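Down below is the structure, laid out as structure tokens.
Because the structure is a prediction, the values reported are computed rather than measured. We name chains A, B, ... by the order of the sequence lines, and we start the count at 1 in each one.
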There are 2 protein chains.
Amino acid sequence: MTKPLAPTRLRILDAALDLFGSRGFEGVSLDEIAVSVGVAKQTVLYWFASKDELLRSVVAHTSEELIAAVEAAARNSGEGFSGIEAVVKAVFRPAVRRPALLGLVRELNRLGPDISAVLTAQLGPLVDRAVAWMTNEMQAGRLRRGDPRLTLSLVYATVVGVATEPEALRMFGWEANATGLRRLRAELLAFLRAALAPAAD
Amino acid sequence: MTKPLAPTRLRILDAALDLFGSRGFEGVSLDEIAVSVGVAKQTVLYWFASKDELLRSVVAHTSEELIAAVEAAARNSGEGFSGIEAVVKAVFRPAVRRPALLGLVRELNRLGPDISAVLTAQLGPLVDRAVAWMTNEMQAGRLRRGDPRLTLSLVYATVVGVATEPEALRMFGWEANATGLRRLRAELLAFLRAALAPAAD
DNA sequence: GGTTGTCTCTACCAAATGGTAGACGACTGT
DNA sequence: ACAGTCGTCTACCATTTGGTAGAGACAACC
């Protein structure tokens with residue numbers, strides 16, 4: 001605990017997340033990252049052996065945080081849709097405020113399996129648990145029946161799509177302010193609730 | 001029949017769409033595009049004055065096609081959810097088969113307003129008509145009531161999310177073959193139908 | 001045959017990029 | 001006072017990038 005709040009290394013990780021997430025790995029130069037942090041390019045290379053390693057570190061660091069948030073939410077969540085609601089709520093604000101968070105996930109897909117493997121390894125168990133939970137809830141009649149994995153994928157795709165495309169949402173007339181954010185979240189939850197509600201029979 | 005179908009210019013547009021869409025504008029060099037087409041880099045620059053103009057052309061060309069498909073589907077579509085179903089079906093296959101199609105849309109967001117304006121101008125009227133249609137269907141009770149623009153955004157986000165993240169879907173255990181594609185489409189439509197179904201009352 | 005215009009090529013350039021080498025200062029423990 | 005190491009810097013390099021200049025192949029039209 002020698003360096004309390006934001007030592008250079010963390011500030012670099014932070015800036016790199018935003019830049020990689022918003023403009024892509026190849027679209028950002030080490031120098032840009034350095035300038036945005038307020039250090040020299042070589043300071044970045046002092047902390048991270050290469051640009052690739054910087055990306056790997058950003059992914060590892062970021063996914064740890066996100067996964068922790070999701071797991072915490074999942075632990076305290078209830079049955080049926082409220083379980084999903086808790087997780088979505090936990091992810092929604094940071095994700096929309098900072099599209100880079102989930103944008104980075106997309107970024108991985110274009111950088112070959114060796115890098116996305118870092119994330120897959122971390123996410124695998126979480127996905128499995130989620131699928132098991134979903135299967136159970138479907139069988140109990142608390143969620144609409146369907147392929148649990150695909151349904152989960154669709155929930156994921158919806159949330160990620162919303163969170164990573166503010167520009168597209170603006171195209172539909174959405175305004176990116178606090179009110180817009182609240183409304184979007186409310187509509188997203190209503191949308192997902194309807195999509196997952198068990199068929200009335 | 002020397003160059004009947006794909007003259008150089010079109011082949012370049014085609015290759016550029018795939019490369020830009022999958023690896024990002026900055027992640028692809030002119031040389032790569034040229035090689036993948038089988039010509040020299042300078043041939044690319046002969047057809048398109050600069051890399052920027054190439055991107056603009058790809059966007060214009062691609063969005064024309066997509067928009068035409070959407071409009072055709074929208075014209076023949078029915079009321080309520082079947083109207084949306086028709087459009088989603090029209091977009092789904094080409095979009096999933098070729099993630100670059102919609103991936104390009106995301107790509108635009110990171111390239112400044114001057115480029116995404118090309119697309120916005122083309123999409124604007126279509127979006128307005130879709131919103132008007134949706135408002136009408138909601139009021140008629142054929143779709144679940146809600147903010148028409150936001151609901152539309154969510155449908156869009158879901159489809160785009162699904163279409164542009166095959167890697168993420170694979171993380172959830174989805175397999176990218178013909179059967180997987182069919183199942184995914186069926187589940188997507190069921191998901192959207194449930195999400196948009198009018199509240200039973 | 002000559003001219004013109006289209007299309008593709010080789011050769012080259014200036015700028016930017018990721019990365020290396022090594023110096024300078026600040027702080028540590030001895 | 002001194003050696004060491006931590007963190008940052010300036011200076012530099014090799015490669016790649018987008019882009020320019022100009023020549024050659026080839027067809028069509030005169």
Output side-chain donor-acceptor pairs under 3.5 Å for residues 173-184 of chain B, partner residues at least two apart or in another chain, one line each.
unit_1, atom_1, unit_2, atom_2, d
B:W174, NE1, B:G180, O, 2.9
B:N177, OD1, B:T179, N, 3.3
B:N177, OD1, B:G180, N, 2.7

* Taking five pairs at each end of the helix from C:dG1-D:dC30 to C:dT30-D:dA1, what angle separates the two helix axes (nearest 10°)? ->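 Inter-axis angle at the termini of the helix from C:dG1-D:dC30 to C:dT30-D:dA1: 0°.
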How close do [X] and [Y] get, heavy atom to heavy atom, and via which atoms?
X: B:L189; Y: B:V88; answer: CD2-CG1, 4.0 Å
X: A:E137; Y: A:G80; answer: OE1-N, 2.6 Å
X: B:A16; Y: B:V58; answer: CB-CG2, 3.7 Å
X: A:V160; Y: A:T164; answer: O-OG1, 2.6 Å
X: B:R149; Y: A:F172; answer: NH1-O, 3.0 Å
X: B:F25; Y: B:K51; answer: O-NZ, 2.9 Å

Nearest-Å distance for atom pair [atom1]/[atom2], residues [X] and [N]:
X: A:D31; N: C:dA16; atom1: CG; atom2: C1'; value: 9 Å
X: B:E26; N: C:dA15; atom1: CD; atom2: P; value: 19 Å
X: A:E53; N: C:dG19; atom1: CD; atom2: C1'; value: 14 Å
X: B:K51; N: D:dT16; atom1: NZ; atom2: P; value: 15 Å
X: B:F48; N: D:dT20; atom1: CZ; atom2: P; value: 16 Å
X: B:L54; N: D:dG18; atom1: CG; atom2: C1'; value: 12 Å
X: B:L30; N: D:dG19; atom1: CG; atom2: P; value: 6 Å
X: B:I12; N: C:dT8; atom1: CD1; atom2: C1'; value: 10 Å

Do [X] and [Y] have side chains that approach each other closer than 4.5 Å (heavy atoms only, starting at C-beta)?
X: B:R144; Y: A:F191; value: yes
X: A:N136; Y: A:R142; value: yes
X: A:L188; Y: B:L150; value: no
X: A:M138; Y: A:P148; value: yes
X: B:T8; Y: B:Y46; value: no
X: A:M134; Y: A:L196; value: yes

Please tell me if [X] has a side-chain N or O lying less than 4.0 Å from either OP1 or OP2 of [N].
X: A:T8; N: D:dG7; result: no
X: B:Y46; N: C:dC7; result: yes
X: B:S50; N: D:dG18; result: no
X: B:W47; N: C:dT8; result: yes
X: B:T43; N: C:dC9; result: yes

* To do: Under 4.0 Å between any heavy atoms, over every strand shown, what does A:V28 touch: base, sugar-phosphate, or nothing? Just pick one.
  =>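 Sugar-phosphate contact only - A:V28 comes under 4.0 Å of backbone atoms but never of a base.
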* Asked: What nucleic acid atoms does B:L45 come within less than 4.0 Å of, heavy atoms only: base, sugar-phosphate, or nothing?
  ->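 Base contact - B:L45 has a heavy atom under 4.0 Å of at least one base atom.
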Table of protein N/O atoms under 3.5 Å from nucleotides 23-25 of chain D N/O atoms:
none

* Interatomic spacing from CG in B:D18 to CZ in B:R23 - rounded to 0.5 Å ->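 Result: 11.0 Å between the selected atoms.
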* Asked: Nearest to the side chain of B:S29, which nucleotide is it out of C:dT8, D:dT17, D:dG19?
  ->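 Minimum distance to the B:S29 side chain belongs to D:dT17.
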Polar atom pairs (N or O), protein with nucleotides 11-13 of chain D, under 3.5 Å:
unit_1, atom_1, unit_2, atom_2, d
D:dA11, N6, A:Q42, NE2, 3.0

For a quick test of your reading: what N or O donor-acceptor pairs under 3.5 Å do the side chains of residues 64-73 of chain B make, sequence neighbours left out?
unit_1, atom_1, unit_2, atom_2, d
B:E71, OE2, B:R129, NH1, 3.4

* For DNA chain C, what residues of residues 32-40 of chain B have any heavy atom nearer than 4.0 Å? ->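 Contacting residues: B:V39, B:A40.
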